[in-house]
Amino acid sequence: MAERTAPEVSGKRLLRHSLASLVDQALLSGLNFALGLVLIRLATKESYGLYSQMYVAGIFASTVLESLITGPLTTIAPGKTESQRAHLIACLHRFQWQLSGLLAILFGIASIAVGHYAGVPESLPALGLAFAIYVFANALREYQRSLNFIEGLPRRVLRIDLAYALAVAAGVALLMATGHFTVPGILLVLGLANAVGFWRNAGARPVAAPPSVQEQRAAIADMWRRGRWALPGALVAWATNYSYLYLAAASLGVAASAELNASRLLLMPISLSVMAWSRIARPMASRLFSARDWKRLDRLAWVSVAGIEIVTVLYVSLLWLALPWLEAHVLGAKYQGVEPMVLAWGIYFAINAARSIGSSLLTSNDQYRLLLTSGVACLVVMLVCAALFIPLYGAWGAILALIVVEVFDCILIWAFFLPRVRRNASLAGT
């Protein structure tokens, strides 16, 4: 009997897996939202601003691993048979652990150095150690999640994240009960919870024979052929999307970054919905690109954009109606008057959702060079807009700069890059 490759594309499968992934992302969104609200209520603006910057730095570390391993693997693996996929994953196992450990050490040291320079009031050794543990454990859990998405097993991902969420809830409750509700304490809890999620659900994939050193090096080289373009593009995209937090803190103070993050936090379910779609649809889009099935690819793209935009409009409308209650009973007096920021973030996320889907389609077709070109152009636009708008409009200016960048990138991807990729693929097939 012939071995099966990655799951076939079908509307029912996409819907079923998307629902499981949405439940998973709803769980993570609710967890992050609840933790953010607890910090907003109990921590000072300075502490919450520090946590926000550390969390975004953690995203930076995840971006590196995604670019070098899981991103290229998601592009390559769906077209392989089960045994080929298992062998490829086995070849990357040691490299993934080594890279995760190296990043954890580097980011732990960097957090101590930056904290010393910025005069952070927290214990710097505790902050560095907790952040290193968080980066390492989060990398392991995210890798495990990605492998299960590649295999078309979103319900297994849900089990991983359920164990993670329960561990976070228990750890935060313990910190609050013992009076250790500090940024290092929260980072340590997140790191240990990631480890619980990983170890509880990690399982070895059977391979016919352990890979040789030569096979491991060949697999890493195959990842690097894509990663060398994906990494700079992803890092540039990270700088475009998150540098506003550091620029605002540098220009306006850490409290400004806390206000920006508090208002953005309320809109994060939209971003997580897009991520849920991407995890499920990217392997499918890779297969459709390989088959040059433009009709189904178009349907996947436009149905996805329409669905996400409908979700965005409904969510922002409900949030807008609930804001007076949230300000009075949840956000508190420290964050009064964030309604305009929430509306501005709603506009940003509506544009960002459509842009993110276009970027995922380019990634599915191995178009890392185009994404790097797009990222560099967007970073330049972002820095120029931030330099102009933040001094003029304060925290508002940071959001306005992001909106301008998203509009620019959305036009670039949907009007120029995706049509170009299709034309080139069609010509290559004739």
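Taking the six-membered ring where the residue is Trp, the centroids of Y315 and W320 are separated by 6.0 Å or more.
Contact check for Y244 versus L400: no side-chain heavy atoms found under the 4.5 Å cut-off. Here the side chains of T63 and I59 are in contact, with some heavy-atom distance below 4.5 Å. Inter-residue side-chain proximity for Y164 and L27 is flagged as unmet; no heavy-atom pair is nearer than 4.5 Å. At a threshold of 4.5 Å between non-hydrogen side-chain atoms, the residues R355 and V407 do not count as touching. The shortest side-chain heavy-atom distance between N32 and M268 does not fall under the 4.5 Å cut-off. Under the 4.5 Å side-chain criterion, counting only non-hydrogen atoms from C-beta, L99 is in contact with F95. Using a 4.5 Å heavy-atom threshold, the side chains of I186 and M54 count as separate.
In this structure, the side chain of H180 engages the main chain of T178 through a donor-acceptor pair within 3.5 Å.
A donor and an acceptor atom, one from each side chain of T363 and Q367, are nowhere located under 3.5 Å apart. Under the 3.5 Å distance criterion, with hydrogens and angles disregarded, no donor-acceptor pair is assigned to the side chains of Y134 and N194. S271 and N352 share no side-chain donor-acceptor pair at under 3.5 Å. For the residue pair E66/S62, the side-chain donor-acceptor check at 3.5 Å is not satisfied. Using modelled atom types, one finds a donor on one side chain and an acceptor on the other under 3.5 Å when comparing W345 with S263. Under the 3.5 Å distance criterion, with hydrogens and angles disregarded, no donor-acceptor pair is assigned to the side chains of S356 and S359.
Using cut-offs of 30° and 60° on the angle between ring planes, the pair F389 and Y393 is tilted. In this structure, F60 and F107 have tilted ring planes: the angle between them lies in the 30° to 60° band. Between W302 and W414, the two ring planes are tilted [angle within 30° to 60°].
Under the salt bridge (charged side-chain N to carboxylate O under 4.0 Å, His left out) test applied with D161, the options R155, R156, R145 reduce to a single match, R145.
Applying the 6.0 Å contact sphere to CZ of F289 captures more than 12 heavy atoms from other residues, nucleotides or ligands.
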